[in-house]
Amino acid sequence: MMELFRELREDRDYSQSDIAAVLGISQQHYSKYETGEYEFPLRHFITLAKYYSVSADYLIGRCSYDEKKPLEMVYVTRDCTCEKLVQDILSLSEHGREAVVEYIELQRLKERQKK
(Lines give C-alpha, C1' and ligand atoms only; values in the text may rest on other atoms or scores of the structure.)
Protein backbone atom coordinates (compact mmCIF):
# COMPACT_ATOMS: atom_id res chain seq x y z
CA MET A 1 0.00 0.00 0.00
CA MET A 2 2.83 2.44 0.78
CA GLU A 3 4.21 1.95 -2.72
CA LEU A 4 0.83 3.04 -4.05
CA PHE A 5 1.10 6.37 -2.22
CA ARG A 6 4.52 6.93 -3.77
CA GLU A 7 3.19 6.04 -7.24
CA LEU A 8 0.22 8.39 -6.89
CA ARG A 9 2.54 11.19 -5.82
CA GLU A 10 5.08 10.59 -8.57
CA ASP A 11 2.43 10.15 -11.29
CA ARG A 12 1.26 13.67 -10.55
CA ASP A 13 4.81 15.06 -10.29
CA TYR A 14 4.43 15.96 -6.61
CA SER A 15 7.33 15.93 -4.20
CA GLN A 16 7.17 14.43 -0.73
CA SER A 17 7.23 18.02 0.55
CA ASP A 18 4.13 18.86 -1.50
CA ILE A 19 2.16 16.00 0.00
CA ALA A 20 3.53 16.61 3.48
CA ALA A 21 2.21 20.18 3.23
CA VAL A 22 -1.25 18.85 2.32
CA LEU A 23 -1.15 16.65 5.41
CA GLY A 24 0.36 19.35 7.65
CA ILE A 25 3.46 17.32 8.50
CA SER A 26 7.16 17.47 7.66
CA GLN A 27 8.66 15.91 4.56
CA GLN A 28 10.75 13.62 6.76
CA HIS A 29 7.65 12.39 8.56
CA TYR A 30 5.83 11.75 5.27
CA SER A 31 8.87 9.89 3.93
CA LYS A 32 8.55 7.43 6.82
CA TYR A 33 4.96 6.73 5.77
CA GLU A 34 6.06 5.90 2.24
CA THR A 35 8.82 3.58 3.45
CA GLY A 36 6.48 1.87 5.90
CA GLU A 37 8.53 2.95 8.91
CA TYR A 38 5.46 4.72 10.35
CA GLU A 39 1.86 3.53 10.23
CA PHE A 40 -0.36 5.69 8.03
CA PRO A 41 -3.09 7.25 10.22
CA LEU A 42 -6.69 7.11 9.07
CA ARG A 43 -7.03 10.92 9.00
CA HIS A 44 -4.16 11.18 6.47
CA PHE A 45 -5.53 8.24 4.51
CA ILE A 46 -8.87 10.05 4.10
CA THR A 47 -7.18 13.34 3.23
CA LEU A 48 -5.11 11.72 0.47
CA ALA A 49 -8.05 9.77 -0.96
CA LYS A 50 -9.86 13.09 -1.38
CA TYR A 51 -6.75 14.91 -2.59
CA TYR A 52 -5.98 12.31 -5.27
CA SER A 53 -9.69 11.80 -6.09
CA VAL A 54 -9.48 8.05 -5.61
CA SER A 55 -11.58 5.67 -3.57
CA ALA A 56 -10.54 4.20 -0.25
CA ASP A 57 -10.97 0.78 -1.86
CA TYR A 58 -8.31 1.70 -4.40
CA LEU A 59 -5.92 2.90 -1.72
CA ILE A 60 -6.16 -0.37 0.19
CA GLY A 61 -5.88 -2.47 -2.96
CA ARG A 62 -9.45 -3.76 -3.14
CA CYS A 63 -10.00 -2.44 -6.66
CA SER A 64 -7.89 -1.29 -9.57
CA TYR A 65 -7.27 2.26 -10.68
CA ASP A 66 -8.70 1.35 -14.07
CA GLU A 67 -12.19 2.18 -12.91
CA LYS A 68 -13.95 4.69 -15.10
CA LYS A 69 -13.36 8.18 -13.77
CA PRO A 70 -14.69 11.44 -15.10
CA LEU A 71 -12.15 13.15 -17.36
CA GLU A 72 -11.98 16.13 -15.03
CA MET A 73 -10.52 13.79 -12.38
CA VAL A 74 -7.82 12.19 -14.55
CA TYR A 75 -4.59 14.18 -14.71
CA VAL A 76 -2.30 14.15 -17.73
CA THR A 77 0.22 16.32 -15.87
CA ARG A 78 0.23 17.93 -12.46
CA ASP A 79 -1.89 20.86 -13.63
CA CYS A 80 -3.75 19.50 -16.67
CA THR A 81 -6.73 17.18 -16.61
CA CYS A 82 -7.82 15.04 -19.55
CA GLU A 83 -10.94 17.16 -19.78
CA LYS A 84 -8.91 20.39 -20.12
CA LEU A 85 -6.56 18.82 -22.66
CA VAL A 86 -9.44 17.57 -24.81
CA GLN A 87 -11.18 20.95 -24.61
CA ASP A 88 -7.98 22.72 -25.66
CA ILE A 89 -7.40 20.37 -28.58
CA LEU A 90 -11.01 20.63 -29.76
CA SER A 91 -10.79 24.43 -29.69
CA LEU A 92 -8.13 24.26 -32.42
CA SER A 93 -8.80 24.25 -36.14
CA GLU A 94 -8.79 20.90 -37.92
CA HIS A 95 -5.26 21.64 -39.10
CA GLY A 96 -4.20 22.42 -35.52
CA ARG A 97 -5.75 19.19 -34.21
CA GLU A 98 -3.92 17.21 -36.91
CA ALA A 99 -0.67 18.88 -35.86
CA VAL A 100 -1.27 17.80 -32.24
CA VAL A 101 -1.81 14.19 -33.35
CA GLU A 102 1.36 14.32 -35.49
CA TYR A 103 3.33 15.73 -32.56
CA ILE A 104 2.12 12.94 -30.28
CA GLU A 105 3.18 10.34 -32.86
CA LEU A 106 6.60 12.01 -33.16
CA GLN A 107 7.01 12.06 -29.38
CA ARG A 108 6.18 8.33 -29.20
CA LEU A 109 8.85 7.58 -31.81
CA LYS A 110 11.43 9.59 -29.85
CA GLU A 111 10.60 7.76 -26.62
CA ARG A 112 10.80 4.36 -28.31
CA GLN A 113 14.23 5.24 -29.69
CA LYS A 114 15.46 6.09 -26.18
CA LYS A 115 14.61 2.58 -24.96
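Both Ile46 and Tyr58 are members of a single hydrophobic cluster when ILVMFWY side chains are connected at heavy-atom separations under 4.5 Å.
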Would Tyr52 and Ile19 satisfy side chain to side chain contact (heavy atoms under 4.5 Å, CB included), going step by step from the backbone distance to the final call? CA-CA 10 Å; Tyr52 289 128; Ile19 302 305; 3.2 Å; yes
Please step through side chain to side chain contact (heavy atoms under 4.5 Å, CB included) for the pair Leu59 and Phe5, ending with a clear verdict. CA-CA 8 Å; Leu59 289 180; Phe5 284 104; 4.0 Å; yes
Apply the test side chain to side chain contact (heavy atoms under 4.5 Å, CB included) to residues Ile60 and Phe45: give CA-CA distance (whole Å), side-chain angles for both, the deciding distance (0.1 Å), then the verdict. CA-CA 10 Å; Ile60 61 174; Phe45 182 85; 3.5 Å; yes
Return a table of donor-acceptor pairs under 3.5 angstrom between the side chains of residues 93-104 and protein atoms on other chains or two or more places apart.
from, atom 1, to, atom 2, distance (Å)
Ser93, OG, Gly96, N, 3.1
Arg97, NH1, Leu92, O, 2.7
Tyr103, OH, Gln107, OE1, 3.2

Going by atom type alone, with no hydrogens or angles, which donor-acceptor pairs under 3.5 Å involve a side-chain atom of residues 30-43 and a protein atom two or more places apart or on another chain?
from, atom 1, to, atom 2, distance (Å)
Tyr30, OH, Glu34, OE2, 2.9
Lys32, NZ, Glu37, OE2, 3.3
Tyr33, OH, His29, NE2, 3.1
Glu34, OE1, Arg9, NH2, 3.0
Glu34, OE1, Gln16, NE2, 3.1
Glu34, OE2, Arg9, NE, 2.6
Glu34, OE2, Arg9, NH2, 3.4
Thr35, OG1, Ser31, O, 3.3
Thr35, OG1, Lys32, O, 3.3

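Every residue two or more places apart in sequence or in another chain that forms a side-chain hydrogen bond (donor to acceptor under 3.5 Å, both in side chains) with Ser15 is listed here: Asp18.
Distance check: Lys84 NZ to Ile89 CD1 gives 10.5 Å after rounding to the nearest 0.5 Å.
At a threshold of 4.0 Å, the pair Glu111-Arg108 does not count as salt-bridged, since none of the basic side-chain nitrogens sits closer than that to a carboxylate oxygen.
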